[in-house]
Amino acid sequence: MAKIIRTAHTEPFVEKPDDDMIICRCEEITKGEIRRAVYDGMSTMNEVKRYLRSGMGLCQGQTCQRLVQNIIAAEMKMKPTEVGMIQGRSPVRPVEIGIFSNNKTDVKEE
Amino acid sequence: MKRHELIVIGAGPAGLSAAIEAKKSGMDVIVFDENSRPGGQLFKQIHKFFGSKEHHAKERGFKIGESLLAEAEELGVKVELNATVMGIYENKEVTVKMNGEVDHFKADKIIIATGAAENMIPFKGWNIPGVIGAGAAQAMMNLQGVKPGSKILMVGSGNVGLVVSFQLLQAGCEVAAVIDAAPRVGGYGVHAAKVARTGVPFYLSHTVIEAKGTDHVSGAVIAEVDSHFQPIPGTEKELDVDTICIAVGLSPMSQLASNAKCDMALIPQKGGNVALLSEYGETNIKGIYCAGDVAGIEEASSAMIQGRSVASHVCYSLGYITEEEFNTKYDSYQEALGKLRMGMFAPANKGRNDFTVTDEGYPISKNLLAKGYMTEEELENFPAYNYKKAGVHPIIECTQNIPCNPCQDACPKKCIKVGENITMLPQIDEEQGCIGCGLCVASCSGQAIFLMDETSDPDGVLISFPYEFLPLPEVGDKGTALSRSGAPVCEAVITDVKKTKVMDKTAVVTMRVPHEFKNSARFYKPV
């Protein structure tokens with residue numbers, strides 16, 4: 001994936017002691033990975049989600065969304081309310097792929 | 001594609017109430033819920049609810065769920081269970097996963113009532129088994145009959161943390177501590193007090209920094225935090241626990257509203273990301289509404305009224321009720337909501353911590369906010385505590401303006417007055433004579449009413465208190481009287497155990513203690 005560079009880095013990425021802490025449990029994404037994603041230029045929830053898959057697992061960001069948001073806010077020196085949220089997308093719940101093959105769109109309107 | 005006039009997403013208190021209201025007007029309504037049973041979180045709630053008598057106060061949550069379901073069933077509201085709404089598309093097309101297929105529905109109106117999900121906080125080891133949400137603990141205990149653990153650390157002193165702590169104690173768990181990063185207890189003082197008097201310590205301005213263990217929790221490290229919520233080195237304390245319950249708030253599950261392209265905003269007072277709503281609960285997309293926790297975190301009692309209020313607008317806009325009928329309904333629902341939204345814990349006051357006196361002007365207990373229980377000196381400021389009369393009389397330790405009034409109707413002698421404004425503190429009417437029936441004690445959802453009788457027994461003072469633990473003590477039992485902080489005070493002898501149907505499983509137990517302990521003994525521990 002091509003990196004989107006927000007600004008040219010003048011400082012090297014600084015590791016933190018709790019960087020190995022898992023934030024997105026479903027996809028096993030760590031705090032360090034999210035911090036590095038912001039360092040790499042991702043600045044919104046949707047960007048980080050697409051870049052790392054955080055919030056794309058079984059719980060669909062139910063657990064980690066607010067945590068990721070706080071990390072982005074801290075890195076960007078913004079308020080969490082300014083970071084925005086993940087755009088809700090269908091299916092909003094994980095659905096087995098087999099079920100999609102049983103789509104009933106063809107059924108004539110009743 | 002199947003068509004319905006109204007699709008309600010979620011069969012919790014808000015969704016079911018909305019569907020009932022719509023169905024009553026004759027509308028064609030269908031409810032989808034992804035769970036295998038309806039009722040949302042109501043069936044996990046085994047405690048008595050606050051609020052006004054007209055709106056289910058002093059009823060236990062699951063009972064409210066049962067009556068809501070019965071009402072829906074009687075009206076013939078169609079509830080599809082195990083039916084997961086996957087998305088909302090243009091022109092109100094809804095895709096639903098049910099019976100192993102993706103089914104398509106179309107509606108004139110949609111009410112999103114998907115509720116909320118628990119927040120988590122990350123700390124070292126937070127993802128090892130044994131760190132669970134408080135709501136999950138509640139589901140294990142109250143729905144599945146499984147003890148979540150033996151020794152619990154509760155993180156969060158909001159109402160969820162306090163209520164679940166009490167239920168864990170009822171289930172036979174030991175609650176090692178209730179902690180909160182904030183400097184004051186977040187939930188109702190009465191909920192904190194009933195946990196504190198069993199001996200559970202409260203650590204405010206504390207956070208959990210580590211869950212010990214490899215494949216399961218074998219301990220927790222907590223530490224004091226500074227004013228920026230950063231742990232203060234050197235204040236770490238290790239607690240011997242096997243379960244860490246997280247109760248740090250809820251976030252609205254608003255993905256469907258976002259998916260439908262409703263205008264959204266992160267509003268901290270509403271608990272998270274919510275759709276922007278009109279006064280009638282409609283989003284910027286005409287015909288899509290939100291009701292209940294998904295519109296902003298509140299209590300189940302307000303969710304039920306909100307559901308009905310939103311549905312009444314749907315009925316009106318589809319022509320099922322007249323404008324006049326709508327205005328009458330809407331006003332009465334808003335009035336009821338307004339009553340529930342008053343007091344120091346009202347949604348509008350969320351995050352406020354500058355209350356120093358009650359609406360009556362009595363100084364608010366600082367100890368209650370810092371340690372979960374009140375001191376005798378602080379209680380002296382409250383007339384309903386101080387009330388002194390020969391013979392049996394109530395002692396009311398209700399000291400915060402919360403919306404609740406069952407005590408007023410419980411007393412057959414009308415000794416207790418709350419008045420029209422249900423957030424006012426109960427007052428004792430001296431003209432009326434207490435007969436010591438204990439109905440007020442059992443009716444108080446906050447378990448904050450006691451009876452005291454200094455004169456009837458020559459061997460001591462009789463103190464009656466609410467008791468919701470099994471086994472119940474028996475007359476003649478000897479045990480230890482505990483103080484408001486749960487510290488042993490003196491020996492106590494059980495002289496009476498009242499347990500009637502109207503008390504709804506809250507036993508009123510009377511113990512005899514020596515005169516000098518009449519103001520400190522408030523709970524009982526069997527030997």
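Side chains included, hydrogens not; waters and symmetry mates left out as well; all remaining heavy atoms used.
With respect to chain A, the highest number of heavy-atom pairs below 4.5 Å among S258(B), A260(B), A117(B) belongs to S258(B). Per-residue heavy-atom pair counts under 4.5 Å with chain A were compared for N273(B), L256(B), I88(B), and the maximum is reached by N273(B). Per-residue counts of heavy-atom pairs under 4.5 Å with chain A were compared for G133(B), G87(B), P122(B); the largest is that of P122(B).
Side chain of Q230(B) to main chain of D226(B): no donor-acceptor pair is present (N/O by atom type, distance under 3.5 Å, no hydrogens or angles).
Of the two parts of T95(B), only the side chain, counted from C-beta on, holds a non-hydrogen atom closer than 4.5 Å to a non-hydrogen atom of chain A. Residue contact with chain B, scored on non-hydrogen atoms closer than 4.5 Å, involves the backbone of Q60(A) exclusively. For L67(A), the part lying near chain B is the side chain, with the backbone staying farther off; criterion is any non-hydrogen pair under 4.5 Å. For chain A, the nearby part of K97(B) is the side chain; its heavy atoms alone come within less than 4.5 Å.
When only modelled atom types and interatomic distance are considered, N119(B) and S251(B) share a side-chain donor-acceptor pair under 3.5 Å.
The two residues Y39(A) and E11(A) make their nearest non-hydrogen contact at OH-O, 2.6 Å.
The only member of D19(A), D18(A), D20(A) that meets salt bridge (charged side-chain N to carboxylate O under 4.0 Å, His left out) when paired with K31(A) is D18(A).
More than 12 non-hydrogen atoms from other residues, nucleotides or ligands lie less than 6.0 angstrom from CD of E238(B). The local environment of NZ in K270(B) is sparse, with at most 12 non-hydrogen atoms from other residues, nucleotides or ligands closer than 6.0 Å.
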